[in-house]
Amino acid sequence: MYDVKQIRNTVILGHGNSGKTTLAEALLFTAGAIKRLGKVDDGTASMDFEEEEIKRQISTSTACNHFTWKKQQIFLSDTPGDDNFFNEAKFASLMADSAILAVGSVLGVRNQTEHFVDLIQDRQLPCLICITKMDRERANFQKTVEEIKEAFQLNPVVLYLPIGQENKFQGVVDIVNQQALLFKKNGTMQQGEIPADMIDEAAARRENMMEYVAETDDDLIEIFLEEGELSQEELTTGLIAGVSQGKIAPVFPCSSLNNAGSSLVLDAITDLLPSPAQRPAAIGTDPTTKDLIERAGTAEAPFSAQVFKTMADPFAGRLTIFRVMSGTLQGDSFYNSSKGAAERFSHLFLMHGKEQKEVESAVPGMIVAVAKLKETETGDTLCEQNAPILYERPEPMPWVISYAVRATNEKEEEKLFSVLTRLLDEDPTLKMTREHQTHEVLISGVGQVHLDALKDKLQRKFSVEMELALPKIPYRETLKAKATAQGKHKKQSGGRGQYGDCTIELEPLNNDEHFEFVDKIVGGVIPQQYRPAVEKGILEAMEKGVIAGYPFEGLKVTLIDGSFHNVDSSEMAFKIAGSLAFKKGVIKADPVLLEPIMEMEIRVDQDHVGDVMGDLNSRRGRVLGMDSADKYELVKAQVPQAEIQLYAPDLTSMTGGRGSFRVWFSHYEEVPAHIAEKIIAEHNAA
Ligand SMILES: Nc1nc2c(ncn2[C@@H]2O[C@H](COP(=O)(O)OP(=O)(O)O)[C@@H](O)[C@H]2O)c(=O)[nH]1
Ligand SMILES: [Mg+2]
């Protein structure tokens, strides 16, 4: 049985390539959870176990792990830093009680670092900051700390000052205890002498730290002002309180590739970061009354949990990963209050990277998994049926790029779509839709790399190959003027003849309706039984379009005249006559192409607003307005779908990764003539 106070649940966040996975590896190794120190670069890191991660040497999915350090149960999640997989980091941050922010000592704060700091601040997660890769050439600890101070309100406080940098990085000065600690190969430290040239700085930093810590607490500041200093105990307890309230973020220099500094971080996780019991109670609602309910993170409260991840495994089936929010989970069932369904399971697991280890029960703060649930999806709340609660479903990152997908081998179409359906479960940022007009299946995601990685995953994990192509734009045709046309179908040479003749008026329908048919035949010039055939013929011809092969929209037809033959007229003949009249009429009625216009909301930093607007202009976009949101500007615009099929990668390169956007369908609009000409020419050439 686990004690909630002995649990620490933390998530590693930071931009891509900042050394998160390597740091996780070093922590696991030092704590004895893995036997060898794996490397991202040769594909042996235990947190990057998916084939696509090994191939790309980037994490694409959150890896959860559990290990013990100093009798504490540590739950550690390693997340992707790439924008394409930001949703993984976002959801993982919702499972954790604290965060470790990784910032590289060479490149320092990057544009993307901001996104992760936003996650930390949104949830007010207490946080440690690791300055990674201290062994690298041009590593600069001080400069990196200064950058962090400047860019974010995290209040970094250096607990350990590096002794040496680059290949001379050999240990740290422990500021609180004024001692030197030198690295040992196994990730732990041995005591040493503070280098002579660091003694003064170390002492000054301790003074400084006292003041800093004192300022986070009313009692401490009083003591500090009276006594001029804090006792060792006051400093330590003040530090712990400051960290767990998110007022101070301790900074650690690390070189995880050499396993240097790992035990310092592990100690900080257990000694400085809060247990689930110290975090604010979880807040949900009562599913029937909608009243707010608080659930404290104690083992005695009624059980509740939330699902943050689902993994599709080709062999084991579906694995549902959730964090216990309150109470104790035991037995073989729980209630899914999001779906209103009871779920049964046979084993409860702890996650160890790609492996799982069975466990008897789970208490708040623990990340656990069960296999083969029937209805449960990511975001769902699990609880006791007689103490139901619903937690707010986290909003996945919006999709911004779509491709038409098909199986490379036509025979594998069915398999492809069944596997894709399973993967949709696993990744809430993937969307699959069938486009009725173009008959394409579209797969939408968060970015180019996101969909490329999906393609790889399908091939490697499920051995189906898929092809991605830019989707066809669902253009439509319509008319702008009125016209009258006659359609006559006549074949009366030998045998039974065919005869149908109709005259119709065509005009635009301005009410968003697809089609309207008015029958104004008088005196039976076309017998009643043939008139619906005229309408049918027109409808069928509309599907195929007239000028460029796209479906025709917004047409009102009035049937005004015609003639028939007693023997040779038939339904078929009038259908053909109708379609002939339609085609002839359309040509005279100023036909045009319509294109889908999308509404976009682009979030970008001040520095790039100008570039983004200029670019929208060149994409035939119309800016509707601007808004400010925090440090960002929100640009609202309408842009033709044809112009933004690859907007996601373009925006990333335009803004250095600081832009993001949402997009949704707005309406149809006429295609400008010079562009319509090209589309029509392409159609005629095909
Ligand atoms: N020299 C050096 N390289 C490192 C260190 N930590 C990570 N790296 C390298 O930096 C790259 C990115 O590391 P990774 O852990 O995958 O970063 P992540 O994307 O944040 O998970 C890899 O090539 C690592 O080998 C370190 O402490 N020292
Ligand atoms: Mg990684």
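Remember, it's 1-based here, ligands and their atoms both numbered in the order they're listed. The residues of the chain are indexed from 1 along the displayed sequence.
Heavy-atom contacts of Ser255 reach the following atoms of ligand 1: 27 (O) (cutoff under 4.0 Å). Interface of Ser18 with ligand 1, defined as ligand atoms under 4.0 Å from a residue heavy atom, comprises 17 (O), 18 (P), 20 (O). Of all atoms in ligand 1, listed by their number and element, those nearer than 4.0 Å to a heavy atom of Thr22 are 6 (N), 7 (C), 13 (O), 14 (P), 15 (O), 24 (C).
Taking atom 27 (O) of ligand 1 as the reference point, the nearest protein heavy-atom neighbour is Ser256 N, 3.0 Å. From the protein, the heavy atom lying nearest to atom 18 (P) of ligand 1 is Lys20 N, 3.5 Å. For atom 24 (C) of ligand 1, the closest non-hydrogen atom on the protein side is Asp41 OD1, 3.4 Å. Asn17 OD1, 3.2 Å is the protein heavy atom nearest to atom 11 (C) of ligand 1. If you check which protein heavy atom lies closest to atom 3 (N) of ligand 1, you get Leu257 CD2, 3.4 Å.
Remark: the backbone N or O of Val176 is paired with a side-chain donor or acceptor of Arg206 at under 3.5 angstrom. Side-chain N or O atoms of Gln245 include none that pairs as donor or acceptor with a backbone N or O of Gly242 at under 3.5 Å. Listed for the Glu53 side chain is a donor-acceptor partner under 3.5 Å among the backbone atoms of Phe49. Between the Thr79 side chain and the Ile12 main chain, a donor and an acceptor come within less than 3.5 Å of each other. Side-chain atoms of Gln121 never come within 3.5 Å of backbone atoms of Leu119 as a donor-acceptor pair (strictly under, hydrogens ignored).
Looking at ligand 1, you won't find any N or O of Arg136 less than 3.5 Å from one of its N or O atoms. The shortest N/O to N/O separation between Lys133 and ligand 1 falls below 3.5 Å. Residue Asp78 has no N or O atom closer than 3.5 Å to an N or O atom of ligand 1. By the 3.5 Å distance cut-off applied to N or O atoms, Gly19 is counted among the residues near ligand 1.
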Side-chain donor-acceptor pairs of residues 34-42 under 3.5 Å, sequence neighbours excluded:
residue	atom	partner	partner atom	Å
Asp42	OD1	Thr44	N	3.3
Asp42	OD1	Thr44	OG1	2.6

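Ring-plane geometry between His66 and Phe75 is classed as tilted, the angle between the planes lying from 30 to 60 degrees on a 0 to 90 degree scale.
Taking a cutoff of 4.0 Å between a charged side-chain nitrogen and a carboxylate oxygen, Glu201 and Arg205 qualify as a salt bridge.
When Asp135, Thr21, Val40 are checked for heavy-atom proximity to atom 1 (N) of ligand 1, Asp135 turns out nearest.
Rounding to the nearest 0.5 Å gives a distance of 7.5 Å between OG1 of Thr310 and CD of Glu377. In this structure, Glu355 CD and Leu350 CG are separated by 13.0 Å, a value rounded to the nearest 0.5 Å. Of the inter-residue distances, the one linking Lys457 atom NZ with Arg460 atom CZ reads 12.0 Å to the nearest 0.5 angstrom.
Proximity of the aromatic rings of Tyr647 and Phe661 is defined here by a centroid distance below 6.0 angstrom, and this criterion is met.
Atoms of the protein (N, O or S only) found under 2.8 Å from the Mg ion (ligand 2) are Thr21 OG1, Ser59 OG.
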